[in-house]
Amino acid sequence: MLKYNNLLDELFRFWNDGLDEVSQMKFCKDGIMLKNDPSIDVDELWETSSRRIMLLLKDCPDGWGYDTRTMLIDKKNGEACRNLKNAFTRKLAKILYGLYVNKGEISAKDVEANIDKVKETWNTAPFAFIETKKIAGDKDVSSEEMTNALKKDKLFLAKEIDILRPTIIVCFDGENNIFNYVTQEYFMGVEPSYKNQYKYPDAKFNCCIYYYEQSNTVVINSFHPSYVEEEWVFLERVLSPFRSLLNNYKPKNL
């Protein structure tokens with residue numbers, strides 16, 4: 001069995017070597033989230049899961065280096081994070097649960113009705129939490145900053161994705177920079193086996209999902225968790241196209 005987080009640490013050491021001193025101090029590590037229960041081996045769970053879910057975020061907004069893998073076990077904020085006290089993590093946890101249990105029928109309403117199971121999944125199921133811009137920034141990061149970071153570090157980020165081999169990638173970025181990187185740079189513009197882009201019924205937002213059968217990888221475009229919107233909209237923009245994939249294309253390995 002691979003030790004995924006150890007492999008990522010090796011990548012990060014090489015990645016960090018090419019940075020100036022200030023950037024090294026602001027460099028953020030990430031990967032498969034560690035659990036508060038020490039008996040849970042996240043590497044083993046990741047290896048055996050058919051749905052290896054990678055959440056691709058923008059950057060760490062604290063202005064300093066941080067290892068996001070420790071978010072659930074952090075002495076200062078871990079308890080609040082585990083109990084979904086923060087709106088940011090609560091939204092991500094709901095997305096995670098909705099993708100894990102979905103067989104083609106789970107909606108935002110179903111997720112909301114099962115908050116205890118949402119919390120359980122968040123604290124026990126393996127998932128990767130990745131900052132695509134590794135140098136920590138301020139509260140807001142511009143589209144131009146994201147574009148430049150993805151262009152500069154595209155090979156390193158591709159290597160990180162290669163190591164983890166996710167089967168579901170959710171791109172949390174209202175400006176589409178992350179989604180465009182994954183579909184155009186990482187997958188090199190290869191036409192997906194299944195593509196569904198549509199306007200959500202009776203709502204003012206678009207849904208988008210790509211599925212690459214050869215690598216068994218789903219890529220979903222999402223709002224950023226800090227996007228000011230009703231929570232059901234945030235959830236449905238991810239869950240609706242995932243339902244369409246499961247019901248219409250019926251991939252065998254998900």
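Since the structure is predicted, the reported quantities are computational estimates derived from the model, not experimental observations. These values consider heavy atoms only, across backbone and side chains, with no hydrogens, waters or symmetry-generated copies.
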**Study point:** N/O donor-acceptor pair under 3.5 Å between Asn86 side chain and Cys81 backbone
**Key:** no

Exercise for review: Would you give the length of the straight line joining atom CG of Leu235 to atom OG of Ser240, rounded to the nearest 0.5 angstrom?
Suggested key: 11.5 Å

Point to revise | Among Leu99, Leu96, Leu92, side chain to side chain contact (heavy atoms under 4.5 Å, CB included) partner for Val170 | key: Leu99

Check your understanding: Can you name the closest pair of heavy atoms from Leu246 and Asn102 and give their distance?
Key -> CD1-O, 3.4 Å

Review point. Is a side-chain N or O of Asn83 found less than 3.5 angstrom from the main chain of Ala80, in a donor-acceptor match?
Key: no

Exercise for review: Verify whether the ring centers belonging to Trp122 and Phe129 lie closer than 6.0 Å.
Suggested key: no

Review point. Would you say the side chains of Asn176 and Asn221 form a donor-acceptor pair under 3.5 Å?
Key: yes

Check your understanding: Val42 versus Asn5: any side-chain heavy-atom pair under 4.5 Å?
Key -> yes

Exercise for review: Check the side chains of Ser23 and Asp20 for a donor-acceptor pair under 3.5 angstrom, ignoring hydrogens and angles.
Suggested key: yes

Revision key, fill the gap. Tested for side chain to side chain contact (heavy atoms under 4.5 Å, CB included) against Ile135, the lone hit among Asp59, Leu19, Val22, Asp153 is Leu19

Review point. Any ion pair linking Lys134 and Glu160 (charged N to carboxylate O, less than 4.0 Å)?
Key: yes

Point to revise | Short side-chain to backbone donor-acceptor contact, Ser49 and Trp46, under 3.5 Å | key: no

Exercise for review: Examine Phe88 and Phe127 and state if one hydrophobic cluster contains both, with Ile, Leu, Val, Met, Phe, Trp and Tyr joined whenever side-chain heavy atoms are less than 4.5 Å apart.
Suggested key: yes

Review point. If you measure from CE on Met25 to CG on Asn16, what distance do you get to the nearest 0.5 Å?
Key: 11.0 Å

Review point. Under 3.5 Å, is there a donor-acceptor pair linking the side chains of Asp9 and Tyr4?
Key: no

Check your understanding: Does any non-hydrogen side-chain atom of Val141 lie less than 4.5 Å from one of Lys133?
Key -> yes

**Study point:** Carboxylate-amine/guanidinium proximity below 4.0 Å for Arg69 and Asp67
**Key:** yes

Check your understanding: Is the side chain of Asn114 donor-acceptor paired with the backbone N or O of Lys117 at a distance under 3.5 Å, no angle test?
Key -> no

Practice item. Please test Thr147 against Tyr181 for side-chain hydrogen bond (donor to acceptor under 3.5 Å, both in side chains), starting from the C-alpha separation and ending with a verdict. Key: CA-CA 9 Å; Thr147 299; Tyr181 163 78; over 6 Å; no

Check your understanding: Under a 4.5 Å cut-off applied to non-hydrogen side-chain atoms, are Phe172 and Phe223 in contact?
Key -> no

**Study point:** Any side-chain heavy-atom pair of Leu72 and Met33 under 4.5 Å
**Key:** yes

Practice item. Please determine, by modelled atom types, if Asn196 and Tyr194 share a side-chain donor-acceptor pair under 3.5 angstrom. Key: yes

Review point. Out of curiosity, Thr167 OG1 to Arg51 CZ, how far, rounded to the nearest 0.5 Å?
Key: 8.0 Å

**Study point:** side-chain hydrogen bond (donor to acceptor under 3.5 Å, both in side chains) assessment of Asp162 paired with Tyr186
**Key:** CA-CA 10 Å; Asp162 284 344; Tyr186 182 72; 2.5 Å; yes

Check your understanding: Do the side chains of Ile220 and Leu57 join up, straight or via other hydrophobic residues, at under 4.5 Å, putting them in one cluster?
Key -> yes

Study note, to complete from the structure: Interatomic distance, CD@Glu112 vs CG@Asp110, rounded to 0.5 Å, equals 10.0 Å

**Study point:** Flag if over 12 foreign heavy atoms under 6.0 Å of NZ, Lys29
**Key:** no

Revision key, fill the gap. Shortest non-hydrogen pair, Ile161 vs Pro166, comes out as O-CD, 3.4 Å

Practice item. Verify, without hydrogens or angle tests, whether Asn177 (side chain) and Met146 (backbone) share a donor-acceptor contact under 3.5 angstrom. Key: no

Practice item. To the nearest 0.5 angstrom, please state how far the CD atom of Glu131 sits from the OH atom of Tyr66. Key: 10.0 Å

Point to revise | Pi-cation contact, Phe234 with Lys91 (under 6.0 Å, within 45°) | key: yes

Study note, to complete from the structure: Closest non-hydrogen contact found for Ile106 with Arg243 is O-NH1, 3.0 Å

**Study point:** Glu10 side-chain N/O to Leu7 backbone N/O, donor-acceptor pair under 3.5 Å
**Key:** no

Check your understanding: If you group Ile, Leu, Val, Met, Phe, Trp and Tyr by side-chain heavy-atom gaps below 4.5 Å, do Ile178 and Leu155 land in one group?
Key -> no

**Study point:** side-chain hydrogen bond (donor to acceptor under 3.5 Å, both in side chains) partners for Glu231, two or more places apart
**Key:** Lys94

Review point. Asn253 and Ser50: side-chain donor and acceptor closer than 3.5 Å?
Key: no

Review point. Can you name the side-chain hydrogen bond (donor to acceptor under 3.5 Å, both in side chains) partners of Thr217, sequence neighbours left out?
Key: Ser215

Revision key, fill the gap. What one should report as the nearest heavy-atom pair of Val111 and Gly98 is CG2-CA, 4.0 Å

Practice item. Flag yes if Val238 and Ile130 sit in one hydrophobic cluster, no otherwise; membership is Ile, Leu, Val, Met, Phe, Trp, Tyr, and two members link when side-chain heavy atoms are under 4.5 Å apart. Key: no

**Study point:** Ion pair Arg165/Glu47, N-O distance below 4.0 Å
**Key:** yes

Review point. Under 4.0 Å between a Lys/Arg side-chain N and an Asp/Glu carboxylate O for Glu191 and Lys195?
Key: yes

Point to revise | Under 3.5 Å: donor-acceptor pair, side chain of Lys35, backbone of Pro126 | key: no

Check your understanding: To the nearest 0.5 Å, how far apart are CG in Leu157 and NZ in Lys154?
Key -> 11.5 Å

Exercise for review: Measure from the side-chain N and O atoms of Lys250 to the backbone N and O of Asn247, and report whether any donor-acceptor pair falls under 3.5 Å.
Suggested key: yes

Review point. If every non-hydrogen atom of Asn123 is compared with every non-hydrogen atom of Arg82, which pair is closest and at what distance?
Key: ND2-O, 2.9 Å

Exercise for review: Work out which heavy atom in Pro241 is nearest to a heavy atom in Glu236; give both atom names and the distance.
Suggested key: CD-O, 3.6 Å

Atom pairs and distances, donor-acceptor, side-chain atoms in residues 203-213, under 3.5 Å, two or more places apart:
{"unit_1": "Tyr211", "atom_1": "OH", "unit_2": "Asn216", "atom_2": "OD1", "d": "2.7"}
{"unit_1": "Glu213", "atom_1": "OE1", "unit_2": "Tyr249", "atom_2": "OH", "d": "2.7"}

